[in-house]
**Student:** 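Next up is a structure, given as structure tokens.
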Amino acid sequence: MGWRAFWALVLASAPTVASAQTVLGYQLGLTQSAGGTFGDDLTQLQQVEQAPEQAGADVQQLQGVQLNTTVTGNLTLDIVGNVVSHGLVVGVSASQLLPFAVPETAQAALRQQLTTAAATATYLARVQQARYNFNLGGGYTFNLNGRLQNGADGALQGGVGGGGTLPAANAGAFAFNGISHTFNALTSLQLVRTRWDLTFGVNYTYTQNGVYSLAAGALGAQAQGGAAVGTNVGAFIPANLHTISPQLTYRTRVGRRGNVNASLITNVSLAQEIRDEVTVTGTVTTIVPGPPPPPQTVINTALLEYSYNFDEAQALGISANGTFSLRVPTDARGVTLPGGGLGADTLITTARVFYRNDLPWELRLEAGAGVAQAHLLQAPLGAPVAAEDFETIHSDPLPIGDLRLTRRFEPVDVVLAASRGVGVGALGASALIADVASLTFTYTGDFSDRRIVANLGFNAQRAQGVGRESFAALGTDPRITAAFNNQGVGLNAGLLIPIFESGGFFFDSALTYNFTYSDTDPEDTLGIDPLLVHTGLFTLRGTWGRGAAQGASGAGGAGDQDELDAFSANPRDGSPLTTARLVQQGARNFAPPGQRPGQAPEARRDSRQAYQQSLRQQKIEQDARERSAAVQGTGSYQDEERRAQERDKKAAEAREEERRRSFGEVPFEAVPLPEEPAAPEE
């Protein structure tokens with residue numbers, strides 16, 4: 001940045017600071033939980049030659065019954081200026097886990113899970129103008145041990161830290177053992193015009209002693225966005241990992257109803273070697289080798305999409321997608337070969353037709369169907385074949401499809417999702433055919449001044465590696481073998497009941513239950529039986545505070561930003577503050593665009609108030625664009641007159657319906673009846 005640009009930025013920020021408004025939020029929480037995990041050993045896929053006390057990180061399955069006491073604290077600071085808004089979130093968490101009724105074989109591992117601690121600090125600066133948006137932020141997270149959480153549909157998420165520093169009830173069956181440090185930074189720029197918008201962003205993350213599940217996709221990117229990936233096989237790997245994710249998205253209007261979207265996304269995963277653990281006792285030196293690092297990968301994805309919008313809700317389109325990945329070669333154990341450089345690994349091409357529309361009963365339909373083909377340019381992980389002897393594998397054309405049906409609010413939210421796709425496999429290598437289906441129900445009931453929230457989720461998944469049939473065996477690491485061929489189902493149920501509320505004090509209780517069935521060896525090549533695990537948790541929680549952290553924790557059954565108050569709303573325009581985005585999204589904010597170019601992004605759909613507000617805002621913006629089109633000559637006065645008549649007709653019908661409804665609500669006793677005529681005088 002030149003000196004002239006630097007001083008221009010300083011001068012632009014000076015009046016912002018002078019007229020800035022400061023909003024401070026805070027939250028203190030105390031949680032006491034009791035729960036149990038019973039069933040088979042989900043960690044039997046870990047390599048037996050790695051000792052539990054090895055260098056780096058480790059994951060152990062919780063067994064028996066655990067009592068867990070957790071204390072949390074969070075502070076939010078927003079500085080709202082005319083041009084630049086700043087948000088800072090700082091949080092700490094400490095807990096003590098006391099296991100009992102634990103099998104003797106698990107006692108040694110669980111002794112290391114007794115004390116957990118977490119700390120986080122995240123900052124984000126935002127510039128939001130009519131024609132451009134700019135974000136710049138970063139953060140740091142520290143974890144000492146911790147419980148890994150489950151998804152709302154029963155899926156095992158993996159990753160370190162669970163619910164972070166917000167007081168929550170996680171019914172995960174696994175515990176992370178070790179010290180983890182995570183640094184992240186992001187920047188994004190969005191240009192917005194009437195007929196097109198352009199977004200460029202870069203996200204960088206470095207995790208020391210991170211724990212990653214062997215889910216499909218680029219290593220370190222599976223948990224971004226919080227999307228569940230199905231019932232994981234319970235196989236985890238530790239890694240010191242750098243992840244860089246630049247992305248570029250361009251959208252433009254074609255004609256009056258068409259859209260063209262194009263995007264380029266790259267994910268670079270670079271793992272560092274975890275040092276061996278060396279212990280010197282007198283004249284005896286004990287060396288415990290650290291786990292081998294996963295292979296370096298570079299995954300490039302390009303998307304080109306055209307959609308024809310019949311109206312605000314209904315659209316039909318076609319898309320083409322290509323994924324080209326590179327990685328360093330590995331041996332039959334999945335260990336990186338010394339001196340190996342990046343080489344072409346997988347090419348996946350996809351063509352898809354999609355349709356979306358709003359249906360009766362407040363249902364939203366999104367569906368697609370197409371075909372995909374995978375080309376393996378390098379042997380799958382752990383395949384017992386030399387690189388020079390490998391011949392490219394071309395799969396047959398594979399049918400793919402997706403279906404998503406949602407119903408929002410009043411009083412049940414339902415999400416039904418099913419998909420079959422071909423994508424990059426575990427550790428960002430090879431290709432995987434993934435079939436996933438999930439169904440979740442969320443009931444929100446308001447009783448007097450209390451809100452009860454209940455959820456129920458199911459999921460089922462099947463994963464098969466492309467080209468597996470070409471190899472008699474697939475390596476010596478059972479985790480890699482299972483990651484490319486597994487199936488399972490999961491169930492998750494929860495109930496949140498408010499107990500007491502007064503001012504900023506909230507006390508509530510929660511019940512959660514999770515069931516996992518995972519078959520990591522469908523073809524019986526490893527000799528492992530299907531695994532069944534039950535996990536239940538009862539939690540009592542008390543919180544005191546105000547602002548974004550208190551809203552995001554769901555205190556008293558409230559949803560994120562369900563009712564914006566003076567400490568969680570931007571005093572200038574009433575929108576959620578910057579810290580609300582940090583708490584809800586973990587600073588992974590690329591200024592998501594609206595449904596079409598030139599539109600503002602939709603608000604969070606899990607907030608009733610935000611949802612209704614977004615509908616009103618979209619209606620206002622649509623009317624403004626229609627009027628602008630007529631004035632600028634891109635429309636016609638006849639179209640404008642026709643739309644105005646339709647609006648007037650709908651408004652008149654709404655007033656008539658309101659009048660009828662009001663009349664129907666009048667009590668019968670209150671309706672004056674005609675008096676009986678008096679008898680004629682004689």
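By convention here, the first residue in the shown sequence is residue 1. All of these numbers come straight from a predicted model, not from anything done at the bench.
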**Student:** How long is the straight-line distance from CG of Leu67 back to CG of Leu97, given to the nearest 0.5 Å?
**Tutor:** 8.0 Å
**Student:** Contact between Phe458 and Asn492 at the side-chain level, heavy atoms closer than 4.5 Å - yes or no?
**Tutor:** no
**Student:** Could you pull out the closest heavy-atom pair between Leu540 and Ser509, with the gap in Å?
**Tutor:** CD2-CB, 3.7 Å
**Student:** Under the side-chain hydrogen bond (donor to acceptor under 3.5 Å, both in side chains) test, which residues partner Tyr140, sequence neighbours left out?
**Tutor:** His181
**Student:** Which word best sums up how the rings of Tyr123 and His86 line up, parallel for under 30°, tilted for 30 to 60°, or perpendicular for over 60°?
**Tutor:** parallel
**Student:** Strictly by modelled atom types, are Asn261 and Arg251 linked by a side-chain donor-acceptor pair under 3.5 Å?
**Tutor:** no
**Student:** Does a donor on one side chain and an acceptor on the other come within less than 3.5 Å for Gln128 and Asn133?
**Tutor:** no
**Student:** Would you indicate whether the side-chain heavy atoms of Thr70 and Ser93 approach each other to under 4.5 Å?
**Tutor:** yes
**Student:** Should Gln550 and Phe506 count as side-chain neighbours, where that means a heavy-atom distance under 4.5 Å?
**Tutor:** yes
**Student:** Counting N and O atoms only, with roles assigned by atom type, does the side chain of Arg364 sit under 3.5 Å from a partner on the main chain of Arg356, one being a donor and the other an acceptor?
**Tutor:** no
**Student:** Between Leu365 and Leu359, is the side-chain contact (heavy atoms from CB on, under 4.5 Å) condition met? List the steps.
**Tutor:** CA-CA 7 Å; Leu365 170 68; Leu359 305 179; 3.9 Å; yes
**Student:** Would you please say whether a donor-acceptor pair under 3.5 Å links the side chains of Ser188 and Asn135?
**Tutor:** yes
**Student:** How far does CG of Leu511 sit from CG of Leu496, to the nearest 0.5 angstrom?
**Tutor:** 9.5 Å
**Student:** Begin with the C-alpha distance, continue with both residues' side-chain angles, and end with the deciding distance and a verdict on side-chain contact (heavy atoms from CB on, under 4.5 Å) for Ile452 and Leu495.
**Tutor:** CA-CA 8 Å; Ile452 295 179; Leu495 179 64; 3.8 Å; yes
**Student:** Closest approach of Ser85 and Thr578, non-hydrogen atoms and distance?
**Tutor:** CB-OG1, 3.9 Å
**Student:** Which atoms form the tightest heavy-atom contact between Gly73 and Leu28, and what is the distance?
**Tutor:** CA-CD2, 4.0 Å
**Student:** Please enumerate all residues that pass side-chain hydrogen bond (donor to acceptor under 3.5 Å, both in side chains) together with Gln32, with sequence neighbours excluded.
**Tutor:** Thr69
**Student:** Which residues pass the salt bridge (Lys or Arg N to Asp or Glu O under 4.0 Å) test with Arg462, sequence neighbours left out?
**Tutor:** none
**Student:** Between Phe354 and Leu316, which heavy-atom pair has the shortest distance, and what is it?
**Tutor:** O-CD1, 3.3 Å
**Student:** Kindly indicate, with the supporting measurements, whether the criterion side-chain contact (heavy atoms from CB on, under 4.5 Å) is fulfilled by Glu501 and Phe507.
**Tutor:** CA-CA 6 Å; Glu501 175 184 351; Phe507 291 90; over 6 Å; no
**Student:** Salt-bridged, Asp402 to Arg352, with N to O below 4.0 Å?
**Tutor:** yes
**Student:** Pairing donors with acceptors under 3.5 angstrom, does anything connect the side chains of Asn514 and Thr516?
**Tutor:** yes
**Student:** Within the distance-only criterion (no hydrogens, no angle test), does the side chain of Asn309 pair as donor or acceptor with the backbone N or O of Asp311 below 3.5 angstrom?
**Tutor:** no
**Student:** Could you give the distance from CZ (Arg404) to OG (Ser438), rounded to the nearest 0.5 Å?
**Tutor:** 7.5 Å
**Student:** Measuring from atom CG of Leu77 to atom OG1 of Thr22, what distance do you get when rounded to the nearest 0.5 angstrom?
**Tutor:** 6.5 Å
**Student:** For residues Leu75 and Val89, determine if any side-chain heavy atom of one lies less than 4.5 Å from a side-chain heavy atom of the other.
**Tutor:** no
**Student:** Could you walk me through whether Asn74 and Val90 satisfy the side-chain contact (heavy atoms from CB on, under 4.5 Å) test, starting with their C-alpha distance in whole Å, then the side-chain angles of each, then the deciding distance to 0.1 Å, before giving a yes or no?
**Tutor:** CA-CA 6 Å; Asn74 293 277; Val90 178; over 6 Å; no
**Student:** With no hydrogens and no angle check, is any side-chain donor or acceptor of Asn145 less than 3.5 Å from a backbone partner on Thr115?
**Tutor:** yes
**Student:** Partners of Ser33 by side chain to side chain contact (heavy atoms under 4.5 Å, CB included), sequence neighbours excluded?
**Tutor:** Asn68, Leu537, Thr539
**Student:** Are the side chains of Asn459 and Val436 in touch, meaning some heavy atoms are under 4.5 Å apart?
**Tutor:** no
**Student:** Which value, rounded to the nearest 0.5 Å, describes the distance between Arg420 atom CZ and Leu403 atom CG?
**Tutor:** 15.5 Å
**Student:** Checking Ser307 now: which residues fulfil side-chain hydrogen bond (donor to acceptor under 3.5 Å, both in side chains) with it, not counting sequence neighbours?
**Tutor:** none
**Student:** Please give me the minimum heavy-atom distance between Ala315 and Tyr355, naming the atom from each residue.
**Tutor:** O-CD1, 3.3 Å
**Student:** Are side-chain N/O atoms of Gln461 and Asn486 paired as donor and acceptor at under 3.5 Å?
**Tutor:** yes
**Student:** Answer with yes or no after comparing the ring centroid distance for Trp544 and Tyr26 against a 6.0 Å cut-off, counting only values under it.
**Tutor:** yes
**Student:** List in chain and number order the residues that pass side chain to side chain contact (heavy atoms under 4.5 Å, CB included) with Ala434, two or more places apart in sequence or in another chain; answer none if no residue qualifies.
**Tutor:** none
**Student:** Is the shortest heavy-atom distance from the side chain of Leu439 to the side chain of Val414 under 4.5 Å?
**Tutor:** yes
**Student:** Going from OG1 on Thr579 to CG on Leu24, what distance comes out if it is rounded to the nearest 0.5 angstrom?
**Tutor:** 10.0 Å
**Student:** Are Asn455 and Tyr443 side-chain neighbours, meaning at least one heavy-atom pair lies under 4.5 Å?
**Tutor:** no
**Student:** Would you check if Leu416 and Arg407 make a side-chain contact, meaning some heavy-atom pair closer than 4.5 Å?
**Tutor:** no
